[in-house]
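All heavy atoms count here, side chains included; hydrogens, waters and symmetry mates do not.
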Amino acid sequence: MSTPQLDDGRVGSRIENYSGFWQKDIKKEAKVDSDTRVENYTDVVNGYYDGATELYEYGWAQSFHFSRFYKGESFAASLARHEHYLAAQMSLRPGMRVLDVGCGVGGPAREIARFADVHITGLNNNDFQIGRARKYTKAAGLENQIQFVKGDFMKLSEQFGENAFDAVYAIEATVHAPTWEGVYGEIMKVLKPGGVFGVYEWCMTDSWDPSNPEHKALAHGIELGNGIPEMRPLSQARKALKTVGFQIEHEEDLAERPDAVPWYYPLEGDIFKAQTAWDYLTVWRMSWSGKFVTHNALWLLERIGIVPKGTWEVGETLLIAADALVKSGQSKLFTPMYLVVSRKPQ
């Protein structure tokens, strides 16, 4: 018997059941577990974001992604620059019809709409996030330039028809797909001939060895704490793009740039690394004291019914993910910014 949907679009049972898709003991994790997550990817992803969305907004921003930093650059400026860079690499132009696949609460869509003066359709399969995206976009005065729709990114052509968009982008979203070939193939269909697809993909790098227990444990932590059915290597993303027919025009793992400030520094929780005064609070939230406050406050909020049951446990998985992301970033085993700009043939 399914739990009724809450007024804000969240479903309590999805949040409570989320962590059950993983074995808590990595040694017990088997192929059947990842197969189950892939098969039930919509429940995995929606359960995660029903529980994690407000935590993301509290601890990060309305743009749910990582970014590069230069020394002295503020957190907010870095996020915006990352979004601008993708739009520039895709050569987005005023008036283009653009699809944002996995749009979150619309932070990147609002930034890119302002930056490139394009019309954006944000696709999301999570009612809670769609509601928040629409609210924030109306407050920004961009409701006539950006629309948000509910849909499955594995069924884009069913929803929009073929040859519908001038450009499509995805920022750290298509990692949630059960297969890259499936979601990239759907993106290919909805693009007009000659249309461009830009993506920041989450991948394990080609240095990652799934037969290495330590490497496997890091991937497991990233999956558990980020609502990802299974992590895959970068080479597989490249192969999938080519398999469905995209012509790759540019590709680069931006995490390989020799930046003085690493992309994962906000997760390290070292307030002395904060690049501006405004960023102390963001970095503090991942410090031991910040985690302690969040851990206990979230527990209390759940106990008194202000947040749905299961939210505290999802919050705990975020801490597991943060540790895994920092360690895998330091060891160059993971990247959240494999940039690929591809084109659909004419």
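Salt bridge R37/E223: present, at least one basic N to carboxylate O contact under 4.0 Å. At a threshold of 4.0 Å, the pair R134-E143 does not count as salt-bridged, since none of the basic side-chain nitrogens sits closer than that to a carboxylate oxygen. Ion pairing of E214 with K216 is absent here, as no side-chain N (NZ or NE/NH1/NH2) approaches a carboxylate O to less than 4.0 Å. Under 4.0 Å is where a charged nitrogen must lie from a carboxylate oxygen, and between D43 and R14 no such pair does. Contact check on E54 versus R10 returns a salt bridge, with a Lys/Arg side-chain nitrogen under 4.0 Å from an Asp/Glu carboxylate oxygen. Ion pairing of R238 with E251 is present here, as a side-chain N (NZ or NE/NH1/NH2) and a carboxylate O approach within less than 4.0 Å. Comment: E252 engages R257 in a salt bridge, judged by a side-chain N to carboxylate O separation of less than 4.0 angstrom. Taking the charged nitrogens against the carboxylate oxygens, E162 and K189 have no contact shorter than 4.0 Å, which rules out a salt bridge. The pair E57-R132 counts as a salt bridge, with a side-chain nitrogen and a carboxylate oxygen less than 4.0 angstrom apart. A salt bridge does not link D166 with R97: every distance from a Lys NZ or Arg NE/NH1/NH2 to an Asp or Glu carboxylate oxygen is 4.0 Å or more.
Under the 3.5 Å distance criterion, the side-chain polar atoms of S328 are matched with a main-chain donor or acceptor of L325.
L224 and V175 are members of different hydrophobic clusters when ILVMFWY side chains are connected at heavy-atom separations under 4.5 Å.
Ring centroids of F246 and F197 are separated by less than 6.0 Å, placing the two rings close together. Taking the six-membered ring for Trp and the full ring otherwise, H82 and F69 have centroids separated by 6.0 Å or more.
T311 and E302 share no side-chain donor-acceptor pair at under 3.5 Å. S78 and S67 share a donor-acceptor pair across their side chains, judged by distance under 3.5 Å alone. Side-chain atoms of E316 and H295 form a donor-acceptor pair, as typed in the model, at a separation below 3.5 Å. For the 3.5 Å distance criterion, the side chains of E201 and T174 qualify, holding a donor opposite an acceptor.
Ring geometry, H84 versus F115: the interplanar angle falls under 30°, so the pair is classed parallel (tilted spans 30 to 60°).
The residue from Y200, F334, W60, Y265 that alone fulfils the ring-ring contact (aromatic ring centres under 6.0 Å, His included) condition with F66 is W60.
Every residue two or more places apart in sequence or in another chain that forms a side chain to side chain contact (heavy atoms under 4.5 Å, CB included) with E158 is listed here: K155. Partners of Y338 by ring-ring contact (aromatic ring centres under 6.0 Å, His included), not counting sequence neighbours: none found.
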